[in-house]
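Throughout, a chain's letter reflects where its sequence line sits, starting with A, and its residues are numbered from 1. Only heavy atoms go into these numbers, but all of them, side chains included; no hydrogens, no water, no symmetry mates.
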Protein chains: 2
Amino acid sequence: MAEPVSPAGSIAESLKSLGLTKYEALVYVALLQASGATATELHELSGVPRASVYPVLERLSQKHLVSVSHTTPKRFNPVKPDDAIDLLMRSIETDATRAKADLSRVYAQSARPARGDQELIWSIHGDDQIRTRLLELLRDAQESVQIIFYWDHLKQELIDTLLSLRDNVRVDIITDRFTAPVPDRIHVTLRIPPDSHGITAGKCMAGGVFIVDGKQVMVVMGSKEEGFTALYSEATGFIRFFTMYWNFFLSWFRPQ
Amino acid sequence: MAEPVSPAGSIAESLKSLGLTKYEALVYVALLQASGATATELHELSGVPRASVYPVLERLSQKHLVSVSHTTPKRFNPVKPDDAIDLLMRSIETDATRAKADLSRVYAQSARPARGDQELIWSIHGDDQIRTRLLELLRDAQESVQIIFYWDHLKQELIDTLLSLRDNVRVDIITDRFTAPVPDRIHVTLRIPPDSHGITAGKCMAGGVFIVDGKQVMVVMGSKEEGFTALYSEATGFIRFFTMYWNFFLSWFRPQ
DNA sequence: TAAATGTTGTTATCACAAAAACAACACAGG
DNA sequence: CCTGTGTTGTTTTTGTGATAACAACATTTA
């Protein structure tokens, strides 16, 4: 008996992040399958204890997700799922925009001193966050950008950003392959890393080193499976290490 | 000392509906005011117990809302609030669309028998839900629409819906005033209800009765303050009662 | 140098509230 | 009578909130 791709449990998970509890989700899903059902029917269909069905439906009613009949036994009708989810989303969006406004105000007001990033190494998690910070970093380049690039994603976005730099910013890229057409602005050097050490820089591995103006370094590590982690630093030791690493790559491995 | 319009507590409320806990919200807000702070500083700024700051920041890091330094003491940096909230919203939206798809499939698949609404009276809560169901109801009118209308909102939307009906559907409205220009299609009768019984049908009260084809009735009650409640029924007794009510209004009160 | 002090990061423990799960009861209708 | 409904409690569980204690390390002080 093949389970549907999204069994009730999975749906419940999605609904929970919209502010519903497990029981609320289960009962609502059950009610969709049996509009006009009684509390007992919903209990049987959803597996929720019968006594719990009543308070749960009360909450769902207050959230405007079900309507209730005035008969005995009480019968219940679900709000159409599209309307229901739009309703929940709208409520969340309201909070989101308010939060965004408030937080931005707080963030802008806070005196952010030219902070002592100089000696620190920062961990950044989350693909989006890494992408944002990376492009931000590259956009601010004044003199040079040095890149070691074994990262499948981000090709086009990266190039676009690099091309938007001022003309006097020198851009060097070391990579194993570069499928996209490469404008003249960007100096590309092909280098194959040694795959003798077990893991090839294939699909399972990805990463990159980005050195900006010889003053800022961002290192991206990870794989598609586990997600990415990035390190960012302006610490001199950190920069020295990865500049050396970059030169090492440039001179050591065989050109393609 | 005047509190800002949105103190930290209020912001925390908004953030909670985006999936953060109280502590996560407090620490994040504190961190916005002091980028690059240490755990102890955040403890002092946010009021969150120092020991709790570490797991909280760990969770925030997993949610990609902060980056962490590798120094001792650890220092933390917030993701910019716009990016952070966009990130949270995108995650929720993903769940929402998946839930919508799944639920719609469930809802469509469920054999919805020509359900025995006939003897039931349904309670509907929530302004949006009431509006949706009401317009839905009116759109399906085949022969006649009878309305008692003491409801300030919904004027234009209501008229638009009524005008979209087929020509042979007779539309009668009883109301105390009708500010909008009334097309010929709609027969409007002005009746002032007795205001002797205490409450006038003024701003504090609002309501309406909608009888469709003499077979479906929706009654909307409530006030702007407490929100609205609606009753819907196809029960013959219910319909008889409100049809009588309608005729009563039409014949009893003095014309304006 | 050695003891005292303070800070950081970590762990364990407890309190508390909401949700989940179960038991019991009054009551209506057949 | 019995069945099923609606309601009321009570217990268990879970996640969060809150406090205390501890080891590791650095700093100060005698």
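Here A:E41 pairs with A:R75 in a salt bridge; the nearest charged N to carboxylate O distance falls below 4.0 Å.
Residues A:I239 and A:K215 come closest through the heavy atom pair CD1-O, 2.9 Å. Shown here for B:G36 and B:L31, the closest heavy-atom pair between the two residues is N-CD1, 4.3 Å. Nearest heavy atoms, B:S61 versus B:V68: OG-CG2, 3.9 Å.
Side-chain atoms of A:H70 and B:S123 include a donor-acceptor pair closer than 3.5 Å. For the 3.5 Å distance criterion, the side chains of A:S104 and B:D82 qualify, holding a donor opposite an acceptor. Judged by distance alone, the side chains of A:T71 and A:S69 do bring a donor and an acceptor atom under 3.5 Å apart.
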Expected string for nucleotides 11-20 of chain D under the B/S/- scheme (protein heavy atoms, under 4.0 Å, primed atoms plus P, OP1, OP2 as sugar-phosphate) is -----SSBBB

Kindly list each side-chain donor-acceptor pair under 3.5 angstrom involving residues 89-96 of chain A, sequence neighbours excluded, with atom names and distances?
{"from": "A:R90", "atom 1": "NH1", "to": "B:D128", "atom 2": "OD2", "distance (Å)": "3.0"}
{"from": "A:T94", "atom 1": "OG1", "to": "A:R90", "atom 2": "O", "distance (Å)": "2.9"}
{"from": "A:D95", "atom 1": "OD1", "to": "A:R98", "atom 2": "NH2", "distance (Å)": "3.1"}
{"from": "A:D95", "atom 1": "OD2", "to": "B:S17", "atom 2": "OG", "distance (Å)": "2.7"}

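Stem list for DNA chain C (at least 3 consecutive Watson-Crick or G-U pairs, distances under 3.5 Å): C:1-30 with D:1-30.
Across the protein-nucleic acid pair, A:Y54 atom OH and D:dG9 atom P stand 17 Å apart, rounded to whole Å. Rounded to an integer number of Å, the gap from NE2 of B:H43 to P of C:dG9 is 13 Å. The separation between B:E58 atom CD and C:dT8 atom P is 19 Å, rounded to whole Å. To the nearest angstrom, C1' of D:dT3 lies 13 Å from CD of A:E44.
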